[in-house]
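Have a look at the structure below, then the notes.
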There are 2 protein chains.
Amino acid sequence: MTESTRREKLRADTEREILACARRLLVEDGSHAVTLRAIARELGITAPALYRYYDSRADLLRHVCDDISADLAATLNPQLSAIPISQPTERVFAVCRGFRQWALAHPREFTLVFATSPEETGTPANRPAQDHFGRVFLEVAGPLLSEHKIYPSGSLDVPERLRGELTAYRDDLAASLAAAGHQVAGEKLQLGTIYLILQWWARMYGHVALEVFGRFPFAVNDAEPLFESMLTELASVVGFSS
Amino acid sequence: MTESTRREKLRADTEREILACARRLLVEDGSHAVTLRAIARELGITAPALYRYYDSRADLLRHVCDDISADLAATLNPQLSAIPISQPTERVFAVCRGFRQWALAHPREFTLVFATSPEETGTPANRPAQDHFGRVFLEVAGPLLSEHKIYPSGSLDVPERLRGELTAYRDDLAASLAAAGHQVAGEKLQLGTIYLILQWWARMYGHVALEVFGRFPFAVNDAEPLFESMLTELASVVGFSS
DNA sequence: GCAGTCAGTAAACGGTGTTCACCCACCAGT
DNA sequence: ACTGGTGGGTGAACACCGTTTACTGACTGC
């Protein structure tokens, strides 16, 4: 952002150019087409020059991932702002629908960011990667679920073995929400809430991934009704009729 | 199976050797290591010789996929046979648990078969690929859900726009079940049942994929309780307490 | 025995990621 | 204004890769 010297400005420029070119190649021809030589060719430089900017192809792909998830968050946030905070359910729905729409419209980006095993890109455990989206999702789902402090309707207790990890995550989430301005009364974020968020995320992820990959057990031409009914069902689990 | 001539026997042998070698490379070093030259090197032949067996690397990978899902089915079926047909719920649970266990024990195989976008492997739309598993799952879930002819507890009607596709799939499934010996009274396979199976599959897939990829929104060391509670919840949706 | 089939080979083409030595425009300091 | 260093970019090279081509040579069916 704050490039003072002339050199730094130029460097930042070509860095942006590299990422943009990589994204274009990814979108148009798939991740296998994101090639150091292809990028260099397009920028009018040679492949080894790219090593001044990234340690390796894997490193470059990792940055492309970050770039993509930042874009995803930038797409979701405006849709979110259009819905008043007083309608948290609608906000969560907006995020979910937005995520699905984005994934369908950007299948290759989705695949790279959300459906590539960490080892393929050489991702070291906990990259921020999809965290940009995770934050958006959690910052919406968190308030929704915490403000109405609802336990799963099924009266499910949180499995004993999960309590420890869920507790750690609750603290992490609470801190992140506080840092973002949202004030959530600490105790309102119950473990059951965290538990629900996890299940919600797994379910939405499953649907979207299957739809993007066309891996439903039979050819589904239009999975939107399936998605919508999942949303209303999820909402009803939390205690809303939609 | 039935190789009559000597030549055919030899050919089938080296074909098995190729697949075995490819699988080993996949498991040990990831799919990027499954290389025609590496396979040839290991078999003591040269790379172009492999073209006598497969049209291309993509074609070979496709056969590896089939090999893997056949193995998956072979792993699941015995676990299944150990549970009497009179306990369909336990049978479905066994398949689900077996699938998760297999995926965790074979992350790279899982990734290749279940989480690779069709275009990467050049898969032409509807490969049997994961169908081997799909069949096992459906042949268990189908009877369970049809015999007890339960609608989703949430009283959800099947979305109008899905009825057509669900109907087509019901007929397909019924035919496949009949072919496998299971006799399912046609009308018992209600659309709501098919609908449930779809959601069940999406949910299980989502959980397993997230777990294999380590993409839960926070570091979950042991997701088994999460998985188990999902199973009991799914069962309760169908009307059983477990 | 002969002709044909077919697994396997060698060589080549164009592509890849990555490393190395080098060049040279620019910038800071005297 | 000269100088020395920093750093973006180059060219050649290495070791791979998938794939095609023309060719060999052993086995097979007649």
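Residue numbers start from 1 in every chain, and the chains themselves are labelled A, B, ... in the order their sequence lines are given, proteins ahead of strands. Atom set for the values below is all heavy atoms of this structure, side chains included, hydrogens, waters and symmetry mates excluded.
- For B:Arg41, taking side-chain heavy atoms from C-beta onward, the closest of the listed nucleotides D:dC16, C:dG8, C:dT18 is D:dC16.
- Among the protein residues, A:Tyr53 comes within range of the sugar-phosphate backbone only, with heavy atoms under 4.0 Å from sugar or phosphate atoms but none that close to a base.
- Sequence order on DNA chain D of the closest nucleotides to B:Arg52 and B:Ala58 puts B:Ala58 first from the 5' end.
- If you measure from atom CG of A:Leu50 to atom P of C:dG17, you get 9 Å, rounded to the nearest angstrom.
- In this entry the distance linking CG of A:Leu43 with C1' of D:dT10 reads 15 Å, nearest Å.
- Taking the ring centre of A:Phe227 as origin, the terminal cationic atom of A:Arg97 falls outside the region bounded by 6.0 Å and 45° from the ring axis.
- Separating the CG atom of B:Leu36 from the P atom of C:dT16 is a distance of 18 Å, rounded to the nearest angstrom.
- If you look at A:His207 and A:Phe216, their ring centroids are closer than 6.0 Å.
- Map A:Arg37 and B:Thr46 each onto its nearest nucleotide of DNA chain C; the residue landing nearer the 5' end is B:Thr46.
- In this structure, the nucleotide among D:dG11, D:dG8, C:dT16 sitting nearest to the side chain of A:Arg11 is D:dG8.
- What you find for A:Arg215 and B:Val113 is that their closest heavy atoms are NH2-O, 3.0 Å.
- In the set D:dC23, C:dT18, D:dG9, the nucleotide with an atom closest to the side chain of A:Ser56 is C:dT18.
- B:Arg23 pairs with exactly one of B:Asp66, B:Asp67, B:Asp29 by the salt bridge (Lys or Arg N to Asp or Glu O under 4.0 Å) rule, that one being B:Asp67.
- Protein atom CD of B:Glu8 is 9 Å distant from nucleotide atom P of D:dG29, rounded to whole Å.
- Comparing A:Ala47 and B:Tyr51, the nucleotide of DNA chain D nearest to each residue sits closer to the 5' end for A:Ala47.
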For this session: List the steps and the verdict of ring-ring contact (aromatic ring centres under 6.0 Å, His included) for A:Phe114 and A:Phe99.
Result: CA-CA 11 Å; A:Phe114 290 96; A:Phe99 179 64; 5.2 Å; yes
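- For B:Ile45, counting side-chain heavy atoms from C-beta on, the closest listed nucleotide (C:dT9, D:dT10, C:dG17) is C:dT9.
- Residue-to-nucleotide contacts include no donor-acceptor pair under 3.5 Å from the side chain of A:Arg57 to the base of C:dG17.
- Going from atom NE2 of A:His32 over to atom C1' of C:dG15 covers 12 Å, rounded to whole Å.
- Across all strands shown, A:Thr14 has no heavy atoms under 4.0 Å from either base or sugar-phosphate atoms.
- DNA chain C is contacted by both B:Gly44 and A:Thr35; B:Gly44 maps to the nucleotide lying nearer its 5′ end (nearest heavy atom per residue).
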